[in-house]
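See below for the structure under consideration.
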Amino acid sequence: PYIETITSTVIEGVYLVFSSCRINDENKQIDSGDSISMSLDIINAGSDDASNIELTLTTDSEFVTMIDNTASISSLTSGKKVTIDDEFSFVIADDVPDKTVINFKLVAATETESWENNFSVEANAPALAISNVSISNNDDIIYPGETVVMKFEVRNEGGSTAHDVLAELSCRSNDIK
């Protein structure tokens, strides 16, 4: 076995880092159309206490509309963690594709310094797919002049539930009515 001693040093001054986030939603995940509140954990990894901290959360995602993107921390002791509960909120677009990665930037600033932390979350959405088509005759072929009933089996392959699904069948041919 290989054994090595690792020496750690204390970061001088204040040093604020993002630790984790929690999605405060009914199913604890981000789904299309959701209004989300998010909690964040911030750690002061530096040697000095911090005070008057302003937090700003932003994203460039076209699928996110920020509602409340700021929070304040009056003080944070060196080596301690604070949880900012439900201070950040945003809405996810109805048309977000399933498994979309949303990148956030969190800036923590005091009167004299600032720190930038980046993190990502995943948005889920229904992803409908046709898996089976059946035609109400004996050979599954539609002949000219024949009237048939078609049945389609639809699966949701996405990461969230599909609600109130409606389907419309169309054809580009003028020969089918």
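Numbers here are sequence positions counted from 1.
- Side-chain contact, Ser39 with Asp85: a donor N or O sits under 3.5 Å from an acceptor N or O.
- Closest approach of Glu87 to Ile84, counting heavy atoms only: CG-CG2, 3.2 Å.
- Looking only at distances, a side-chain donor or acceptor of Asp34 sits under 3.5 Å from a matching main-chain atom of Asp31.
- Screening residues 44-69 for salt bridge (Lys or Arg N to Asp or Glu O under 4.0 Å) gives no qualifying pairs among residues at least two apart or on separate chains.
- Residues Asp94 and Val96 form no side-chain contact, since every pair of their non-hydrogen atoms from C-beta on lies 4.5 Å or further apart.
- Ring geometry for Tyr15 against Trp115 counts as perpendicular: the plane angle is over 60°, on a 0 to 90° scale with 30° as the lower cut.
- Side-chain atoms of Cys21 and Val121, non-hydrogen and from C-beta on, do get closer than 4.5 Å to each other.
- Residues Lys81 and Leu76 have side chains not in contact (no heavy-atom distance under 4.5 Å, counting atoms from C-beta outward).
- Using a 4.5 Å cut-off between side-chain heavy atoms of Ile, Leu, Val, Met, Phe, Trp and Tyr, with links allowed through other members, Ile53 and Ile11 fall into the same hydrophobic cluster.
- Cluster membership check: Leu169 shares its hydrophobic cluster with Ile142, using side-chain heavy-atom separations under 4.5 Å among Ile, Leu, Val, Met, Phe, Trp and Tyr.
- Using a 4.5 Å cut-off on side-chain heavy atoms (C-beta onward), Phe88 and Ser37 make no contact.
- Without hydrogens or angle criteria, Ser136 side chain to Val149 main chain gives a donor-acceptor distance under 3.5 Å.
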- Item | Stepwise side-chain contact (heavy atoms from CB on, under 4.5 Å) test for Lys99 and Glu122 | CA-CA 6 Å; Lys99 306 296 181 210; Glu122 186 176 85; 3.3 Å; yes
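- For the pair Thr110 (side chain) and Glu113 (backbone), a donor-acceptor distance under 3.5 Å is present.
- Val91 is not listed as a side-chain neighbour of Ile36, based on a closest heavy-atom distance of 4.5 Å or more.
- The closest donor-acceptor contact from the side chain of Ser47 to the backbone of Gly13 lies under 3.5 Å.
- Between Ser35 and Ser89 there is no side-chain heavy-atom pair separated by less than 4.5 Å.
- Taking CD1 of Ile43 as the reference point, atom OG of Ser20 lies at 7.5 Å (rounded to 0.5 Å).
- Taking the six-membered ring for Trp and the full ring otherwise, the centers of Phe104 and Phe18 sit at least 6.0 Å from each other.
- Ile130 and Met150 fall within a single hydrophobic cluster, where Ile, Leu, Val, Met, Phe, Trp and Tyr are joined by side-chain heavy atoms under 4.5 Å apart, directly or via other members.
- Interatomic distance, NE2 of His163 versus CG of Asn156, reported as 9.5 Å (0.5 Å rounding).
- Panel note: side chain Thr59, backbone Asn103; a donor-acceptor pair is recorded below 3.5 Å.
- For the pair Asp41 and Arg22, the minimum side-chain heavy-atom distance is below 4.5 Å.
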- Message: Could you go through Thr100 and Phe63, starting from their C-alpha distance and side-chain angles, then the distance that decides it, and tell me whether this counts as side-chain contact (heavy atoms from CB on, under 4.5 Å)?
- Response: CA-CA 9 Å; Thr100 295; Phe63 301 109; 4.2 Å; yes
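- For the side chain to side chain contact (heavy atoms under 4.5 Å, CB included) with Leu55, the qualifying choice from Val107, Ile42, Asn117, Thr70 is Ile42, the only one to do so.
- Val148 and Phe152 end up in the same hydrophobic cluster when Ile, Leu, Val, Met, Phe, Trp and Tyr side chains are linked at under 4.5 Å.
- Residue Val101 is not grouped with residue Ile92 when hydrophobic side chains (ILVMFWY) are merged at heavy-atom distances under 4.5 angstrom, including chains of intermediate members.
- Rounding to the nearest 0.5 angstrom, the gap separating the CE atom in Met38 from the CD1 atom in Ile23 is 3.5 Å.
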